[in-house]
Amino acid sequence: MSDFSKMGEMSSFQLGVIGALFLSVASSVSIVICNKALMSNLGFPFATTLTSWHLIVTFCTLHAAQRFHLFDAKAIDMKTVMLFGILNGVSIGLLNLSLGFNSIGFYQMTKLAIIPFTVLLETLFLKKQFSQKIKLSLLVLLGGVAIASVTDLQLNFVGTILSLLAIVTTCVGQILTNTIQKRLNVSSTQLLYQSAPFQAAILFVSGPFVDHFLTKKNVFAYKYSSIVLAFIILSCIISVSVNFSTFMVIGKTSPVTYQVLGHLKTCLVLAFGYTLLHDPFTIRNIIGILVAIIGMGLYSYFCVQDNKKKQSVDLSLASQMKDKDSTPLLGMPDKEGHESKKSTKVSLV
């Protein structure tokens, strides 16, 4: 493969990453604003059940796309897909339960803990190396998000256990999202299409019970007005883009990068909440958001630098391998020449 074709593949990959990141940010911020209006302003508090509807609509959309040959479905081991789907469904339910049992401040700390725990798991089990500069940038990012979003830290035993379980299942689920796509050579669309039914099933069954436990309200007894139904439909439509972009970002980058992107979304949601929904905003929020943006910028810069170093090392190794492969070929004429000289000497004698 020529250097030009390699550069073309690299540039198309980078464009794909940028597109995935932009789609993830835009769709996630949109759905947060939509769901906030649905739950806070219209009084529809059933978050877990709503998530199951999101996944059902996502699967139906992907199934229609597959029927129209917009992508090819790829068979994956059923046990792997089932366990993966159930794990992701359980992690969503645990995050919602964590929010219900803990204060908002402690819930934000739970989400912040996902990044260092993911780094720990990838270092221990996948032998992945993170430079000190990247770790420092993550620390700056997490500090900024903590300043901007963490308010109080009220601890309780059940809430702490639920938060720990939520952290573990979320980290493992996101690491598996990246690992399965790369090791089984499946696209984000193919993996989401295979796993969405299992995620939807676990949340569809458990969602009403979780929501009733948290809100003391019954999703089936709720009186659905036309505006509530309109926002639910809008939320489900946006969720297709959210779910697709989530799998795409994790597959093209890493679970840590996806979590960094998630904290950028948190900052954007805080900013949009202040400008569009007139939420209370303090100087602490502004400072925290600025620090988080600096941390995210440093993380992006150091990741680019590390990737450049890795690419240069790979090119150097490829060049060395090429030289080694060509050495015997270069040596053939000399050997043949030596043999011919030797035979000439023999004939002369």
Side-chain angles (χ1 to χ4, degrees), residues 17-18 20-33 35-36 95 98-99 102-123 128-155 160 163-164 166-167 170-171 174 242 245-246 249-250 253-308:
V17 171
I18 293 171
L21 293 173
F22 178 79
L23 180 63
S24 180
V25 171
S27 58
S28 295
V29 172
S30 299
I31 202 170
V32 166
I33 293 173
N35 288 349
K36 188 168 184 179
L95 281 170
S98 174
L99 178 58
N102 295 302
S103 64
I104 293 177
F106 191 80
Y107 175 72
Q108 289 295 337
M109 288 298 296
T110 298
K111 292 177 71 175
L112 290 176
I114 291 173
I115 284 185
F117 196 78
T118 302
V119 170
L120 178 64
L121 288 180
E122 289 194 314
T123 303
K128 190 171 181 179
Q129 299 296 321
F130 296 88
S131 67
Q132 293 298 324
K133 292 180 179 179
I134 286 182
K135 291 177 182 177
L136 178 62
S137 65
L138 290 174
L139 188 62
V140 174
L141 169 72
L142 295 177
V145 176
I147 293 170
S149 60
V150 176
T151 51
D152 57 330
L153 293 174
Q154 298 175 9
L155 298 175
T160 302
S163 292
L164 290 174
I167 291 169
T170 301
C171 292
Q174 291 179 0
V242 172
S245 61
T246 296
V249 168
I250 296 175
T253 57
S254 70
V256 174
T257 299
Y258 176 72
Q259 285 298 322
V260 169
L261 192 68
H263 292 307
L264 169 63
K265 297 172 195 174
T266 300
C267 294
L268 289 175
V269 168
L270 288 172
F272 275 116
Y274 174 68
T275 54
L276 299 180
L277 304 177
H278 306 293
D279 290 341
F281 215 63
T282 64
I283 189 67
R284 173 180 169 178
N285 298 128
I286 297 173
I287 293 172
I289 288 174
L290 291 175
V291 172
I293 290 174
I294 291 171
M296 190 200 65
L298 290 172
Y299 174 79
S300 302
Y301 175 76
F302 293 139
C303 280
V304 169
Q305 294 299 311
D306 284 359
N307 286 334
K308 285 182 179 179

**Message:** Rounded at 0.5 Å granularity, tell me how far CG in D306 sits from CZ in F302.
**Reply:** 9.0 Å
**Message:** Once rounded to the nearest 0.5 Å, what's the spacing between atom CD1 of I33 and atom OG of S28?
**Reply:** 11.0 Å
**Message:** Are V25 and L21 packed together at the side-chain level, in the sense that at least one heavy-atom pair is separated by less than 4.5 angstrom?
**Reply:** no
**Message:** So which atom in Y107 and which in L95 form the shortest heavy-atom distance, rounded to 0.1 Å?
**Reply:** CE1-O, 3.3 Å
**Asked** Heavy atoms, side chains only, cut-off 4.5 Å: are Y301 and S137 in contact?
**Response** no
**Message:** Measuring only between side-chain heavy atoms, which start at C-beta, is K133 closer than 4.5 Å to Q305?
**Reply:** no
**Message:** Measuring from atom CD1 of I167 to atom OG1 of T118, what distance do you get when rounded to the nearest 0.5 angstrom?
**Reply:** 9.5 Å
**Prompt:** V291 pairs by side chain to side chain contact (heavy atoms under 4.5 Å, CB included) with which of I286, V145, V140?
**Reply:** V140
**Complete:** By side chain to side chain donor-acceptor pair (under 3.5 Å), T110 pairs with (sequence neighbours left out) S163
**Prompt:** What's the verdict on side chain to side chain contact (heavy atoms under 4.5 Å, CB included) for K128 and S254, showing C-alpha distance, side-chain angles and the deciding distance?
**Reply:** CA-CA 11 Å; K128 190 171 181 179; S254 70; 3.5 Å; yes
**Spacing of CG belonging to L142 relative to CE belonging to M109, to within rounding of 0.5 Å** = 9.0 Å
**Request:** Side-chain contact test, heavy atoms from C-beta onward, threshold under 4.5 Å: evaluate it for L138 versus P116 and give yes or no.
**Result:** no
**Message:** I need the minimum non-hydrogen distance between N102 and T160, along with the two atoms involved.
**Reply:** OD1-N, 4.0 Å
**Prompt:** Any idea which heavy atoms bring S27 and S245 closest together, and the distance?
**Reply:** OG-OG, 3.6 Å
**Spatial distance of atom CD1 (I134) from atom CG (L141) [nearest 0.5 Å]** = 12.5 Å
**Item:** Side-chain heavy atoms of V256 within contact of V119, under 4.5 Å
**Value:** yes
**Complete:** To the nearest 0.5 Å, atom CD of Q259 lies from atom CD1 of I250 at 7.5 Å
**Item:** Student check: side-chain heavy atoms of T257 and Y299 closer than 4.5 Å
**Value:** yes
